[in-house]
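Notes for the one structure printed next.
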Amino acid sequence: MNKKYDGKETFAQWQESWKLEDRYNFKTIEKKWQAIWDEEKAYHVEPDEKKDKFYALVEFPYPSGAGLHVGHPRSYTALDVISRKKRMQGFNVLYPMGFDAFGLPAENYAIKTGVHPAVSTAANIATFTNQLKSLGFCFDWDRCISTCDPEYYKWTQWMFIKFFEKGLAYKDKIAINWCPSCKVGLANEEVVNGCCERCGAQVVRKDKEQWMIAITKYADRLINDLDDLDFIDRVKSQQVNWIGRSEGAELDFKFGDDKLTVFTTRPDTAFGVTYMVLAPEHEFVQKYMGKFDNQAEIKAYVEATAKKSDLQRTQDDSKTGVELKGIKAINPFNGKEIPVFISDYVLTGYGTGAIMAVPAHDQRDYDFAKVFNLPIIQVLDGGNIAEKAFEEDGPHINSSFLDGMNKEDGMKAAIDYAVEKGFGRSKVNFKLRDWVFSRQRYWGEPIPMVYCEHCGWQPIPEAELPLKLPEVPDYHPNDEGESPLSKAGDWLYTKCPKCGAKARRETDTMPNWAGSSWYFLRYCDPHNDKEFASKEALDYWMNVDWYNGGMEHTTLHLLYSRFWHKFLYDCGLVSTKEPYNKRTSHGMILAENGEKMSKSRGNVINPDDIVAAYGADTFRLYEMFIGPFDQVAMWSDESLMGVYRFVGKVYNLFKKVYKDIVPSDKDLRAMHKCILEVTERIDQMKFNTAVSSLMTYVNYLSGLDKIAPELYSTLLKLMTPFTPHLAEEMWARLGNGNLIIDAEWPQGDKALAQDDVVTIAVQICGKMRGTVEVPANASKEDVEKAAMTLDNVMRQIEGKEIRKVIVVPNKICNIVV
RNA sequence: GCGAGCGUGGUGAAAUUGGUAGACACGCCAGAUUUAGGUUCUGGUGCCGCAAGGUUUAAGAGUUCGAGUCUCUUCGCUCGCACCA
């Protein structure tokens with residue numbers, strides 16, 4: 001540990017002993033302090049009832065072969081800054097790190113090279129760990145976890161079984177999004193513009209048996225519970241949008257011997273229905289096929305639709321379709337017979353896969369009606385339906401008992417009528433679909449289920465967890481969509497846990513969103529082998545107080561993990577409804593020309609190079625100074641140099657510190673101003689301006705001949721979150737025997753930060769005409785009097801009548817003439 | 001199309017939330033020191049003008065004693081969702 005200044009030598013001699021002729025040598029300083037932190041376990045935390053806890057969380061990385069990207073440290077440094085400050089303010093801070101280690105790249109690498117994913121992943125984790133340590137984050141490395149560790153995924157599997165037991169995990173044959181390139185099924189959330197989020201290949205539909213998790217059962221709660229959370233608005237609105245709640249009604253139309261049920265948000269427009277449309281996949285199309293007059297035409301259209309990808313189906317908004325000739329539907333509101341069509345503009349997965357068409361008040365129906373020459377009946381007054389559908393609100397017309405009503409009354413009356421006559425009911429629908437949870441891949445958690453011919457799907461007994469990944473001869477998935485685990489030989493077959501008959505294991509694995517759905521809980525108690533985490537640990541550490549991560553996870557990981565946590569809450573396994581109190585998001589870091597950094601463009605900045613050339617402290621400080629935290633930022637080597645110069649200046653300032661110097665009032669003013677600004681700006685994540693406050697203060701200190709120790713040690717404390725190594729080093733050089741991270745965060749004093757003379761702007765009719773210096777908090781009259789003495793003011797008001805003078809204390813004086 | 005947001009010097013950006021626009025930094029210019037230079041230090045730097053001064057926050061209008069900030073219109077950009085009935 002540090003030698004402490006014991007007063008046996010003069011401070012000047014002590015300072016001399018630090019070889020002041022040396023330039024700022026970040027390499028030795030950073031290595032030295034990283035070793036000390038490691039050795040002293042400076043960042044290890046345990047629950048401590050005497051202290052308030054603070055749980056800071058950043059999204060753990062996927063340990064890719066490419067190593068750490070400059071984007072990762074933006075988020076990590078931000079919460080490192082917050083964590084360090086909170087710790088110095090007396091909180092017991094948990095700031096953990098781990099690895100989201102299951103995933104496709106490791107598997108693709110294995111296919112190419114034959115190296116087992118476990119081997120390459122372990123090597124990558126080692127690299128990442130070194131890189132993260134070289135940046136000096138205050139992670140508690142004793143709590144490091146990895147989702148591919150059997151001791152970890154044991155509990156992921158255990159939780160899956162809970163989902164199964166509660167009926168929320170079920171197997172279903174559905175048309176899924178199939179990526180023909182990755183040969184894997186994707187969740188809706190993983191499909192971007194009809195393409196695979198990962199590889200960009202066009203996604204096709206494929207019917208497959210899949211494990212599903214019923215996230216839709218939580219749709220309402222996932223929306224409503226957002227109200228009490230401190231999430232940035234962008235995140236809230238994107239989640240609300242994605243879940244896509246709409247209120248309306250289901251209505252039953254007569255069709256053949258059946259009821260044809262539709263969902264509509266406007267049941268009050270039912271008198272304007274002139275036709276109906278089914279999705280080509282709708283069950284009635286096949287059921288009644290024998291009764292249609294134009295079967296060949298219908299079959300051809302159904303086939304053509306099946307061949308289309310989702311992208312083709314949605315990109316082309318021209319309306320096509322075929323009438324189901326031979327059967328008419330009957331509108332239950334007025335008994336009218338109406339034609340029924342199939343068309344691909346009706347989606348099979350939303351609502352009931354069928355709609356009632358109101359062409360007068362829905363542009364899509366209007367377009368379709370124009371193509372097929374169908375009648376258009378206006379039922380809401382307004383607009384010009386000769387040109388286009390009228391989609392706004394107006395009083396009902398041509399609608400029997402609804403005539404004259406507004407939307408609200410009309411809705412209520414229409415639903416009441418439908419309920420009374422037994423052909424309808426109010427209904428809420430969501431865009432959100434159940435979570436497709438199967439992946440036809442090797443490097444993921446095995447789904448702990450077996451299939452028995454007598455007993456159906458059965459979970460394996462808890463005692464057999466973790467169900468470890470078996471060795472396989474070959475990691476290739478195949479075109480039929482069979483997982484590599486189907487080649488796992490003996491592993492495949494086992495006994496049915498219920499009847500003991502021969503049973504076959506599930507060969508699909510979990511998506512890599514599984515492990516990350518609950519990792520924040522494991523951090524609370526990472527070595528527990530009896531439970532996923534003890535109740536005591538969870539009660540002390542949860543909730544996460546502040547979670548920072550990328551916007552790209554808003555409708556994926558963030559939504560999934562909120563859902564997962566709510567499920568655990570319902571099972572009585574956690575005691576809070578939501579896992580995260582606060583969610584913020586960082587902007588991406590782009591290359592110098594504004595392009596995305598990518599290997600193929602060759603413009604990737606490697607953090608290791610920056611650390612080697614300028615040091616971790618400069619790198620961290622630069623990432624905080626680069627621009628507003630929540631916005632995209634462009635990397636700039638020149639700006640980085642500016643920050644490096646600043647760090648060097650702070651180092652050199654030590655040479656001007658003298659033990660017996662007493663700070664002046666002006667010095668204290670600068671210091672307290674800096675404390676107040678930095679403290680506030682860190683809390684608001686305005687890191688860029690927090691750094692500029694530090695720069696202003698340092699510029700001030702540079703102007704002094706001799707610096708009082710108090711002024712310098714305060715600077716060091718304020719810089720600890722940003723440049724922890726330098727702060728520790730200089731703190732030690734000031735003669736302190738403890739770590740600066742264990743020092744107290746300085747208290748800013750507003751009164752001491754107040755200037756005694758203020759400059760007031762003098763305006764005439766709102767135009768700036770000059771400034772005057774007056775004592776702080778000068779009276780209105782004094783300010784006015786001083787303002788009148790300005791040459792420029794006297795000239796401007798000469799011969800004019802002064803109508804009003806507005807004085808804002810310490811700010812402005814506006815003379816109205 | 002719908003939803004969210006943005007537009008300020010040569011560049012990255014500030015602006016106490018309606019009160020001196022351009023803090024802080026990069027770059028540039030000039031000077032000093034120096035190993036020839038990259039280093040370091042000092043001063044200058046929105047635009048027009050020698051200056052006094054004028055002018056300036058995408059464009060236009062409005063509210064106000066006062067607008068980068070609030071309201072409306074137009075233009076431009078970014079992100080998310082997208083035939084969701």
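In what follows, every chain begins at residue 1, and chains take the letters A, B, ... in the order their sequences are listed.
- For A/Asn699, no side-chain nitrogen or oxygen approaches OP1 or OP2 of B/C24 to under 4.0 Å.
- Taking a 4.0 Å limit (strictly below) on heavy-atom distances, residues 676-687 of chain A reaches RNA chain B at A/Lys686.
- Applying the 6.0 Å contact sphere to CG of A/Asp705 captures no more than 12 heavy atoms from other residues, nucleotides or ligands.
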Subject >> Step-by-step ring-ring contact (aromatic ring centres under 6.0 Å, His included) determination, A/Tyr614 to A/Phe619 >> reply: CA-CA 7 Å; A/Tyr614 302 99; A/Phe619 180 60; 10.0 Å; no

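- For the 3.5 Å distance criterion, the side chains of A/Asp782 and A/Ser779 qualify, holding a donor opposite an acceptor.
- Comparing A/Phe263 and A/Ser237 by the nucleotide of RNA chain B whose heavy atom lies nearest to each, the residue mapping closer to the 5' end is A/Ser237.
- Under 3.5 Å, the side chains of A/His557 and A/Glu59 contain no donor-acceptor pair of N or O atoms.
- Between the side chains of A/Asp630 and A/His586, no donor N or O sits under 3.5 Å from an acceptor N or O.
- The side chain of A/Lys767 lies closest to B/U55 when the candidates are B/C65, B/U55, B/C41.
- A heavy-atom distance below 4.0 Å to RNA chain B is reached by these residues of residues 807-814 of chain A, ordered by number: A/Val808, A/Lys811, A/Ile812, A/Asn814.
- Under a 3.5 Å cut-off, the side chain of A/Arg620 and the backbone N or O of A/Pro721 do form a donor-acceptor pair.
- With a 4.5 Å cut-off on side-chain heavy atoms, A/Asp365 and A/Ile376 do not count as touching.
- For B/A85, one of the phosphate oxygens OP1 or OP2 lies less than 4.0 angstrom from a side-chain nitrogen or oxygen of A/Ser246.
- Scanning RNA chain B for stems, defined as runs of 3 or more consecutive Watson-Crick or G-U wobble pairs whose donor-acceptor distances all fall under 3.5 Å, gives the following ranges: B:1-7 with B:75-81, B:10-12 with B:24-26, B:27-32 with B:40-45, B:46-48 with B:53-55, B:58-62 with B:70-74.
- B/C28 and B/U39 are spaced 9 Å apart, taking the P atom of each and rounding to whole Å.
- There is a side-chain donor-acceptor pair under 3.5 Å between A/Asn548 and A/Thr584.
- Atom P of B/U42 sits at a distance of 49 Å from the matching atom of B/A4, rounded to the whole Å.
- For A/Asn688, taking side-chain heavy atoms from C-beta onward, the closest of the listed nucleotides B/A13, B/C81, B/C26 is B/A13.
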Original post:
Can you check salt bridge (charged side-chain N to carboxylate O under 4.0 Å, His left out) on A/Arg425 and A/Glu250, steps first, answer last?
Top reply: CA-CA 6 Å; A/Arg425 60 217 78 89; A/Glu250 275 184 353; 2.9 Å; yes

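- Side-chain N or O atoms of A/Ser343 include one that pairs as donor or acceptor with a backbone N or O of A/Thr320 at under 3.5 Å.
- Distance A/Asp344 CG to B/C83 C1': 9 Å, rounded to the nearest Å.
- Phosphate proximity of B/A85 to A/Tyr345: absent, as no side-chain N or O sits under 4.0 Å from OP1 or OP2.
- Ring centroids of A/Tyr622 and A/Tyr644 are separated by 6.0 Å or more, keeping the two rings apart.
- Among the nucleotides B/A85, B/G54, B/A25, the one closest to the side chain of A/Asp362 is B/A85.
- Between A/Val346 and A/Val632, the residue anchored closer to the 5' end of RNA chain B is A/Val632, taking for each the nucleotide with the nearest heavy atom.
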